[in-house]
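Reviewing the structure listed below.
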Amino acid sequence: MAQLTRRAAALNKSLPAAILAARGLATASTSPITVETSLPFTAHKIDPPSRSVETSSQELLTFFRDMALMRRMEIAADSLYKAKLIRGFCHLYDGQEAVCVGMEAAINRKDCIITAYRDHCIFLGRGGTLLEAFAELMGRKDGCSKGKGGSMHFYKKEGGFYGGHGIVGAQVPLGCGLAFAQKYSKDESVTFAMYGDGAANQGQLFEALNMAALWDLPAILVCENNHYGMGTAEWRAAKSPAYYKRGDYVPGLKVDGMDALAVKQACKFAKEHALKNGPIILEMDTYRYHGHSMSDPGSTYRTRDEISGVRQERDPIERIRKLVLAHDIATEKELKDTEKEVRKEVDEAIAQAKESPMPDPSELFTNVYVKGLGTESFGADRKEVRTVLP
Amino acid sequence: MAAALLHGVGSTTPLSSVNYNNSRRSLPGYVVHERKRASFLIQCYGSLLPGSKIGINRAAKLSTNAVTTKQDNVTASTTSKPGHELLLFEALREGLEEEMERDPRVCVMGEDVGHYGGSYKVTKGLADKYGDLRVLDTPIAENSFTGMGIGAAMTGLRPIVEGMNMGFLLLAFNQISNNCGMLHYTSGGQFEIPIVIRGPGGVGRQLGAEHSQRLESYFQSIPGIQMVACSTPYNAKGLMKAAIRSDNPVILFEHVLLYNLKERVPDEEYVLNLEEAEMVRMGEHVTILTYSRMRYHVMQAAKTLVNKGYDPEVIDIRSLKPFDLHTIGNSVKKTHRVVIVEECMRTGGIGASLTASINEHFHDYLDAPIVCLSSQDVPTPYAGTLEDWTVVQPAQIVATVEQLCQ
């Protein structure tokens, strides 16, 4: 429940109160609704959680709004890239929003998330603002990394979001390090180390998994399986595409990643498991509509029919929309209004980000070292302090 | 972009006496030099960290008499205690233990650091004292346990990652270069990585090519890290403590053959400056820059040179990244001749960078081209005689200085 109020609080921050009241969201209740997930969970060396997920109308509306916002942000980023305002690499997350939103619903801000380069939406989920995201994408000063990171290096320390990493697979040992620190400080939180089906073949993943299992670190490895490692389909890259089983002695769970409620259930289950028993692997079966990045059309290695098929049958936002309509939580028009609002919000953020200045040239050299060089040093007599080189 | 750097010039602590367990290389003690300088020097360097915030504000923190005095010098001060003798690995351990005692966030991870006590005994006894989680025995997975250390550092822990041999850290190069060095920058300053990566490197006693790597040069271009090389028990302990306290990632290079050096270190706590070079022997004719094990070859050559009437100034640069161009520059301005003696590879090594750096900044002060003696660009051979010829020997140093000072 605490998570829901937090989500609601986050939501309230972005919507003015007047609109809230007018749209009847204030009457959206937190009374539980039970929904069945679309598919049962497949488990490896563990008993899967139940298919019935408890949710509420407020949560469903939050899911809808958040996913619509993320979808809109990614599509706007697509246009900005084509307008050459975003350069370099831009990896879009549309289609996979349910993973991010479901995960956020199950955890709190003390838990850590670390992921690879497809990080824009996860950054939003962890409390990042649209302005910070767009400004960073366009390399402006107001970006979350002051314009020095770019698309692949979004970070939010207060939100427990540790990035944003360009090298495939390198974030998983970092994630185990975060889990190690959580165990060291005994603060009852977990780390979600996310990676893709392409990264699942990296050796460092298994090294990290071995260590996490050896020391019972509260690490949850989440494989976002969108079935393509850049241009290579998973059956061409992996002998065993059952990524949730690859932990061998580490239990695993395969989840329908397009169903936000299933993701929420799985993450909650995984968090309980990790705090007691150590690592667990979650495989999220999801899909990305765009290509690997903006330079990839995404249609040379898969058919347009496949993409549109998934969009028709498994789209995460549509699923929530159907649930909302089926439970009479909001009308069709209200949902459309939400989408329009979200679109407006994104447009405003882009306009604001465009006005943000480029970083100062002196920023080239800041943050290379922390506070410049130099630790305070002193001799054995401690009477006189050695000076510190600035 | 010129930056103003405020320095108070202080003395660096020279060696007073060093005993080797290896009798082949026994050196006599030499005179302790103690310098006090009450002057400030303001210099502009292009190569060191410029930043618009560095300025006169710093003057408030500087003291007028920055000095470290070594304990067992000729005029022993009455307030100091006699000090205690330590081997270099014990000095490292003492520094490590003091820091672990002081800050509960300091932890060690590496292969065989816990129950085994460390392959060079640097962490002996620490696991019994602090527990298995704080002195963590890792599996043989350098890439991921270095990554783990970096991830832990992102949250605020201060891990010390031990590479059993620096050569093995090549497996972790991605983590060191991309994550350790860059995260502070790419996150816009949100995350600090106060990690220390340490381990022995260098040419040992017929250990074979893969275990005798000289890798300082591989890491030197990584932005965001600092590199230091220790050479005596005194500076090993001080640098270890400074590295742990530093909020930047620091790579501490030790040398396989120096672990059994014995020296008297002060009883009181001391922390050395990471970016400062050490004046080993003052002189007038030629500046010899060196670090790590080659310091001892240089001192041996210096003995011969003194007998022949030369007066070399020997500086142990200690800080490999960034270079202490202040101390080095003062020396070059005095002697006008530079010899660099290092164990690093010839191509793209620390010496090559240092040569370029000195040429860039102090070209007008040089009377002769800089001579850089480095180890040969070969994998270290197994045969003893060939191995000796891979690294610089004292005789070569003597010959070079003689030729340079003609």
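To find a chain, count down the sequence lines: A is the first, B the second, and so on, and within it residues start at 1.
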Applying side-chain contact (heavy atoms from CB on, under 4.5 Å), run through A/Leu174 and B/Gln175 and close with a yes or a no. CA-CA 9 Å; A/Leu174 289 183; B/Gln175 296 289 354; 4.1 Å; yes

Derivation and outcome, side-chain contact (heavy atoms from CB on, under 4.5 Å), residues B/Leu136 and A/Phe180: CA-CA 11 Å; B/Leu136 190 67; A/Phe180 174 80; 3.5 Å; yes

Given B/Thr186 and A/Phe154, is the side-chain contact (heavy atoms from CB on, under 4.5 Å) satisfied, shown in steps? CA-CA 8 Å; B/Thr186 55; A/Phe154 280 23; over 6 Å; no

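Of the inter-residue distances, the one linking A/Tyr369 atom OH with B/Glu192 atom CD reads 14.5 Å to the nearest 0.5 angstrom. A/Asn367 contributes atom CG, which lies 7.0 Å from atom OG of B/Ser187 (distance to the nearest 0.5 angstrom). Rounded to the nearest 0.5 Å, atoms OH (A/Tyr162) and CG (B/Asn179) are 14.0 Å apart. Taken to the nearest 0.5 Å, the NZ atom of A/Lys186 stands 7.5 Å off from the CG atom of B/Leu133.
With a threshold of 4.5 angstrom between heavy atoms, B/Met109 approaches chain A through side-chain atoms but not through N, CA, C or O. Neither the backbone nor the side chain of A/Ile114 comes within less than 4.5 Å of any heavy atom of chain B. Heavy atoms closer than 4.5 Å to chain A are found nowhere in B/Pro249, neither backbone nor side chain. Residue contact with chain A, scored on non-hydrogen atoms closer than 4.5 Å, is absent for B/Thr146. Residue B/Ile140: no heavy atom, backbone or side chain, is found under 4.5 Å from chain A. Interface residue A/Leu178: backbone and side-chain heavy atoms are both found under 4.5 Å from chain B. With a 4.5 angstrom heavy-atom cutoff, B/Leu183 touches chain A only via side-chain atoms. For A/Glu363, the part lying near chain B is the backbone, with the side chain staying farther off; criterion is any non-hydrogen pair under 4.5 Å. Only the side chain of B/Asn174 comes within contact range of chain A, with at least one heavy atom under 4.5 Å from a heavy atom of that chain. With a 4.5 angstrom heavy-atom cutoff, B/Leu157 touches chain A only via side-chain atoms.
With a 6.0 Å radius and a threshold of 12 heavy atoms from other residues, nucleotides or ligands, A/Phe89 has its CZ atom at or below the threshold.
Highest contact tally toward chain B, considering only A/Gly163, A/Gly164, A/Pro173, is held by A/Pro173 [criterion: heavy-atom pairs under 4.5 Å]. Between chain A and the options B/Ala141, B/Gly238, B/Gly224, the largest number of non-hydrogen pairs under 4.5 Å is found for B/Gly224. Comparing A/His153, A/Glu207, A/Gln182 by how many heavy-atom pairs each has under 4.5 Å with chain B, the most go to A/Glu207.
B/Asn143 approaches A/Gln204 most closely through the heavy-atom pair ND2-OE1, 3.4 Å. Between A/Ala181 and B/Thr155, the closest heavy-atom pair is CB-OG1, 3.0 Å.
Proximity of B/Phe191 to A/Val370: side-chain heavy atoms (C-beta onward) are nowhere separated by under 4.5 Å. Within the 4.5 Å cutoff, the side chain of A/Met211 has heavy atoms near those of the B/Phe145 side chain. Between A/Leu364 and B/Tyr185, some side-chain heavy-atom pair lies under the 4.5 Å cut-off. For the pair B/Pro139 and A/Asn210, the minimum side-chain heavy-atom distance is below 4.5 Å.
For B/Arg105 and A/Tyr184, the side-chain atoms include no donor-acceptor pair closer than 3.5 Å.
At least one donor-acceptor pair closer than 3.5 Å links the side chain of A/Lys146 to the backbone N or O of B/Gly188. Remark: the backbone N or O of A/Tyr155 is paired with a side-chain donor or acceptor of B/Gln190 at under 3.5 angstrom.
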